[in-house]
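See below for the structure under consideration.
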Amino acid sequence: MSILVVGLSTRAIAESAVRGGHRVVTVDFFGDRDQRALVENYALLRDFALPFSVEGLLLVSRHLDFGAVVYISNLENHPEVVEALARGRVLLGNAPAVLRRVRDWRTLRAFCREESLLCPTTLLSGEEPEADPTVRWLRKPVRSGGGHGIRPWTGKPLDEAHILQAYVEGRPASAAFVADGQRCVVIGLTEQLIGRRELGARGFTWCGNILPLALPPDEGAALLKDVERMAARLTRRFDLRGVNGMDLVVAKGPKGRLCPFLVEINPRYTASMELVEWAYGLNVFSLHLEAMAGRLPDFSLAQHLLGPYFGKGIVYARQTVIVPETEGWVERGRRDVPFPGERIEAGHPVCTVLAEGETRERCWNHLLAGVEAVRREIESHKL
């Protein structure tokens with residue numbers, strides 16, 4: 001049975017599927033060179049000159065032959081499209097009804113209060129008068145993803161497409177877990193790279209991850225237990241299945257110790273899972289399918305909190321460039337590789353760089369060296 005994998009960028013999960021021996025066809029926006037060397041791919045941009053839209057993904061998918069579907073970012077924001085994709089096929093992921101509940105902030109914040117889980121204070125449209133003027137507030141899209149569209153709140157009224165969320169001073173992090181609807185296993189805890197200018201990102205834009213999250217041993221072990229409790233309660237309440245992610249901020253809680261603040265649930269494959277697969281030898285695509293069938297892995301993340309470290313960074317173009325020859329980029333630790341001659345506008349992603357190191361600092365330095373190597377090549381071909 002052929003499995004359709006659909007979303008904004010499907011290269012990483014396609015690699016996992018192929019590595020696990022699964023037959024997939026992919027539909028996404030980019031259609032990168034390294035992905036097309038691996039699997040059958042159809043891309044809105046490259047094949048159809050279309051802008052990204054979930055409606056476009058659905059339209060292209062309707063012309064393909066597949067028996068099951070796996071969706072990734074940002075289809076979690078569009079349960080009606082997931083429903084249409086899965087009609088008459090096997091849905092290998094969280095059901096549309098689950099998405100409607102877990103991605104609804106009114107429901108999620110009530111759950112956090114009931115379960116005494118820490119999360120930033122979140123206000124919906126019409127609740128702006130409740131915003132404490134001494135707090136820094138962020139205006140976020142309801143259909144959020146990748147940090148895009150997040151801005152400091154200027155005090156203007158919200159529309160129905162946005163929420164307010166209190167800014168929590170701390171370390172951006174993410175957790176990956178695999179669930180069967182009742183139980184779950186946390187398989188990764190990473191530092192999130194947000195708005196790093198070294199990578200060409202700005203504001204709150206996500207631009208990579210470093211695994212594991214660097215913390216002293218005692219703090220790391222305690223934090224992991226908190227994250228495991230959080231994931232377990234979310235799994236049971238929302239019937240989460242397959243692989244899922246949580247965006248977190250690690251900050252001091254009410255008792256003065258480091259705690260996870262829940263920023264968002266991503267009820268599908270997430271970008272940090274590529275590092276989990278690389279570092280721990282797990283096949284995430286296979287774990288996803290196994291969990292959908294009710295089987296969870298025998299895995300303990302507690303044994304992997306001290307390194308070595310594995311990183312990925314998204315290189316954003318600092319100016320508009322024409323891509324040079326990219327043959328051999330994969331062997332040099334690069335992924336999401338563009339085709340030679342491709343025009344990439346300033347502020348848009350060029351590729352992903354992978355790096356590793358015995359310490360967090362060495363991993364970060366190797367990542368920066370990889371980013372600079374890409375820049376030297378592409379900026380010599382700038383317009």
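Because the structure is predicted, anything quoted here is derived from the model rather than measured. Index from 1, following the sequence.
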- SB check Arg360 Glu191 (cutoff 4.0 Å): yes
- Query: What do the steps show when you test Phe48 against Tyr42 for ring-ring contact (aromatic ring centres under 6.0 Å, His included), and what is the final call?
  - Reply: CA-CA 9 Å; Phe48 306 100; Tyr42 301 90; 7.3 Å; no
- Query: Just how far is it from atom CG of Asn244 to atom SG of Cys184, taken to the nearest 0.5 Å?
  - Reply: 9.0 Å
- To the nearest 0.5 angstrom, please state how far the OG1 atom of Thr121 sits from the CD atom of Glu130. 10.0 Å
- Query: With a 4.0 Å cut-off, would you call Arg36 and Asp34 a salt bridge?
  - Reply: no
- Check for a donor-acceptor pair, side chain of Arg136 on one end and backbone N or O of Tyr167 on the other, with a separation under 3.5 Å. no
- Query: Would you call Glu274 and Arg11 a salt bridge, using N to O less than 4.0 angstrom?
  - Reply: yes
- Task: Kindly assign one of parallel, tilted or perpendicular to the pair Phe111 and Phe238, based on the angle between their ring planes and the thresholds 30° and 60°.
- Result: perpendicular
- Query: With a 4.0 Å cut-off, would you call Glu114 and Arg109 a salt bridge?
  - Reply: no
- Message: Under a 4.0 Å threshold between the charged nitrogen and the carboxylate oxygen, would Glu342 count as salt-bridged to Arg46?
- Response: yes
- Consider only side-chain heavy atoms of I, L, V, M, F, W and Y, link residues closer than 4.5 Å, and tell whether Leu282 and Phe177 are in one cluster. yes
- Cationic N near anionic O, under 4.0 Å, Asp104 to Arg101: no
- Task: Taking only Lys NZ, Arg NE, NH1 and NH2, and the carboxylate oxygens of Asp or Glu, determine whether Asp336 and Lys312 approach each other closer than 4.0 Å.
- Result: no
- Output yes when Arg375 and Glu377 qualify as a salt bridge under the 4.0 Å nitrogen-oxygen rule, no when they do not. no
- Looking only at side chains, do Glu345 and Thr320 share a donor and an acceptor under 3.5 Å apart? yes
